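Working notes, structure below.
Everything quoted here is computed from the prediction, not taken from an experiment.
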Amino acid sequence: SYEIAHIVQDGLRRMYGENPEDIIYYLTMYNEPIVQPAQPEGIDVDGLLKGMYLYSAGDDAGLGGTPPRCQLLASGVGMPWALEAQQLLRDDWGVVADVWSVTSWTELRREAMDCDEQAFLYPEAERRTPYITSVLQDRVGPVVAVSDYMKQVQDQIRPWIPEEFSALGTDGFGFSDTRAAARRYFHVDGPSMAVRALQMLADRGWVAEDAPGKAAEKYRLLDVTAGASGNPEWAPPVVRLGYGSFITPGTVYDYVVATGEFVLRKQPPGDLLPSAHAVDREFRVLRALADSDVPVPRALIYHDDPALLG
């Protein structure tokens with residue numbers, strides 16, 4: 001929330017301040033219930049507005065010698081995953097990870113492309129270093145970048161990363177399940193980030209060759225039921241959300257409770273075509289696929305009395 005506050009404040013200043021610029025601000029935010037952390041002391045507001053800042057420096061206290069290091073980049077709801085990966089890497093594998101909050105992958109790319117364009121058109125001028133390059137060039141270790149979007153969002157900044165770079169994202173066909181299961185399925189959660197970092201470190205010989213395999217087994221990387229992101233640690237004990245498209249009334253309700261997430265699906269009110277919003281059909285399909293290899297949520301109960309749910 002403090003990131004949004006700084007961005008909105010800067011946008012108002014630039015668009016409506018003493019010297020207004022001919023620009024617009026477009027903010028995209030997640031709709032996941034999440035505990036908002038307090039603003040860190042000494043926050044790099046300039047970096048926040050440019051697109052990325054160091055949120056949590058890795059702690060090497062007690063590890064001795066020169067421990068292996070890596071960089072973890074995350075945005076929005078991905079920040080808890082990166083912080084979890086930071087803790088797992090340190091506690092289980094003796095790896096120190098810095099966590100960076102990315103407020104705009106696109107702004108980072110736009111500024112870097114502007115630097116390249118200037119160098120191309122004016123080769124005689126002093127060459128500018130892209131911001132993303134400048135903040136990472138003195139940092140040690142491979143870079144793992146994650147968001148709740150497709151990998152290509154994070155891949156926007158790949159050309160200007162001075163270290164080996166890997167993007168994790170939610171590419172592929174949709175997965176209808178809890179947030180935790182979906183993020184494990186797409187391998188963007190904390191343990192997935194930790195395993196990917198260990199793979200890159202093992203390739204360099206900075207950790208044992210078998211460390212990635214042991215980590216994958218330890219964290220049950222291929223088991224969607226082992227995912228824990230989006231759990232009550234990062235959300236209120238009970239949250240109820242109703243949502244729908246601009247055309248369809250909100251007819252889906254998420255219940256996030258201590259034991260996981262439950263979804264109540266109902267038809268919208270009013271006169272409907274016989275085949276429209278056929279919740280009974282959805283229930284039968286989910287039940288039919290329950291014992292197959294197709295990953296679907298467990299359908300608990302179907303009730304056809306409209307007086308019950310309204």
Side-chain angles (χ1 to χ4, degrees), residues 1-15 17-18 21 25 27-30 32-64 66-91 94-112 114-115 128-148 154 156-157 160-163 165 190 193-194 197 229 233-235:
S1 58
Y2 66 84
E3 293 179 345
I4 296 173
H6 282 295
I7 294 170
V8 170
Q9 183 181 50
D10 185 61
L12 292 173
R13 177 189 63 80
R14 294 182 63 188
M15 291 188 290
E18 294 182 2
E21 302 175 46
Y25 270 60
L27 273 65
T28 301
M29 289 168 281
Y30 296 87
E32 178 174 352
I34 188 170
V35 175
Q36 297 294 321
Q39 176 175 299
E41 292 187 11
I43 185 175
D44 177 12
V45 176
D46 185 56
L48 185 158
L49 296 176
K50 288 181 177 179
M52 188 179 85
Y53 66 97
L54 181 62
Y55 180 86
S56 174
D59 180 16
D60 61 2
L63 294 180
T66 305
R69 290 180 172 269
C70 65
Q71 309 299 314
L72 305 177
L73 280 55
S75 60
V77 295
M79 282 298 292
W81 318 337
L83 292 170
E84 181 187 9
Q86 180 188 51
Q87 195 69 44
L88 292 173
L89 287 166
R90 189 189 191 285
D91 293 350
V95 173
V96 178
D98 296 324
V99 174
W100 302 77
S101 177
V102 178
T103 54
S104 178
W105 306 96
T106 304
E107 278 298 303
L108 293 174
R109 176 180 176 82
R110 184 177 291 121
E111 189 269 345
D114 187 60
C115 291
R128 288 165 48 202
T129 301
Y131 171 72
I132 183 64
T133 304
S134 66
V135 295
L136 290 177
Q137 62 187 3
D138 294 327
R139 295 284 169 171
V140 179
V143 178
V144 178
V146 70
S147 80
D148 216 16
Q154 295 80 264
Q156 292 182 87
I157 64 173
W160 302 279
I161 301 296
E163 283 275 5
F165 178 85
M193 293 185 72
S229 64
E233 180 181 353
W234 294 98

Rounded to the nearest 0.5 Å, what separates atom [atom1] in [X] from atom [atom2] in [Y]?
| X | Y | atom1 | atom2 | answer |
| --- | --- | --- | --- | --- |
| Y25 | L12 | OH | CG | 9.0 Å |
| L83 | L72 | CG | CG | 9.0 Å |
| I161 | L73 | CD1 | CG | 6.5 Å |

| By salt bridge (charged side-chain N to carboxylate O under 4.0 Å, His left out), which residues pair with R14, not counting sequence neighbours? |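 R14: salt bridge (charged side-chain N to carboxylate O under 4.0 Å, His left out) contacts with E21.
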[X]: partners by side chain to side chain donor-acceptor pair (under 3.5 Å), with sequence neighbours left out:
| X | result |
| --- | --- |
| D148 | R183 |
| Y53 | Y2, E3 |
| D91 | Q87 |
| D60 | R69 |

Name every donor-acceptor pair, under 3.5 Å, that has one atom in a side chain of residues 129-137 and the other anywhere in the protein, sequence neighbours excluded.
| residue | atom | partner | partner atom | Å |
| --- | --- | --- | --- | --- |
| Y131 | OH | M52 | O | 2.6 |
| T133 | OG1 | W160 | O | 2.7 |
| S134 | OG | Y131 | O | 2.7 |

| message | Hydrogens and angles aside, do W105 and S75 bring a side-chain donor and acceptor to less than 3.5 Å of each other? | response |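 Yes, because at least one side-chain N or O of W105 sits under 3.5 Å from a partner of the opposite role on S75.
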| message | For D114 and R128: C-alpha separation, side-chain torsions, deciding distance, then whether side chain to side chain contact (heavy atoms under 4.5 Å, CB included) applies. | response | CA-CA 9 Å; D114 187 60; R128 288 165 48 202; 3.0 Å; yes
Looking at [X] and [Y], what are the two nearest heavy atoms and their distance?
| X | Y | answer |
| --- | --- | --- |
| G190 | A85 | O-CB, 3.3 Å |
| P68 | G94 | CD-O, 3.6 Å |
| M29 | I4 | SD-CD1, 3.3 Å |
| P40 | Y55 | CG-CE1, 3.8 Å |
| L89 | A197 | CD1-CB, 4.2 Å |
| S147 | Q154 | OG-OE1, 2.6 Å |

Contacts of [X] that satisfy side chain to side chain contact (heavy atoms under 4.5 Å, CB included) - sequence neighbours left out:
| X | answer |
| --- | --- |
| E107 | S104, R110 |
| A61 | D59, R90 |
| R13 | D10 |
| L54 | A57, D98, W100, R139 |

| query | Side chains of V96 and V140: does their closest heavy-atom pair fall under 4.5 Å? | reply |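 A side-chain contact is absent here, since even the closest heavy-atom pair is not under 4.5 Å.
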| Main-chain N/O of Q71 paired to E163 side chain as donor or acceptor, under 3.5 Å | no
| Under the side chain to side chain contact (heavy atoms under 4.5 Å, CB included) criterion, do V144 and C70 qualify, and how do the steps go? | CA-CA 8 Å; V144 178; C70 65; over 6 Å; no
| query | Checking side chain to side chain contact (heavy atoms under 4.5 Å, CB included) for the pair I7/L48: CA distance, chi angles, key distance, verdict? | reply | CA-CA 8 Å; I7 294 170; L48 185 158; 3.8 Å; yes
| field | Sequence neighbours excluded - side-chain hydrogen bond (donor to acceptor under 3.5 Å, both in side chains) pairs with any residue from residues 35-44 | value |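 Sorted pair list: H6-Q39.
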| field | Residue pairs fulfilling salt bridge (charged side-chain N to carboxylate O under 4.0 Å, His left out) with at least one residue in residues 76-89, sequence neighbours excluded | value |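 Passing the test, one end in residues 76-89: no pairs.
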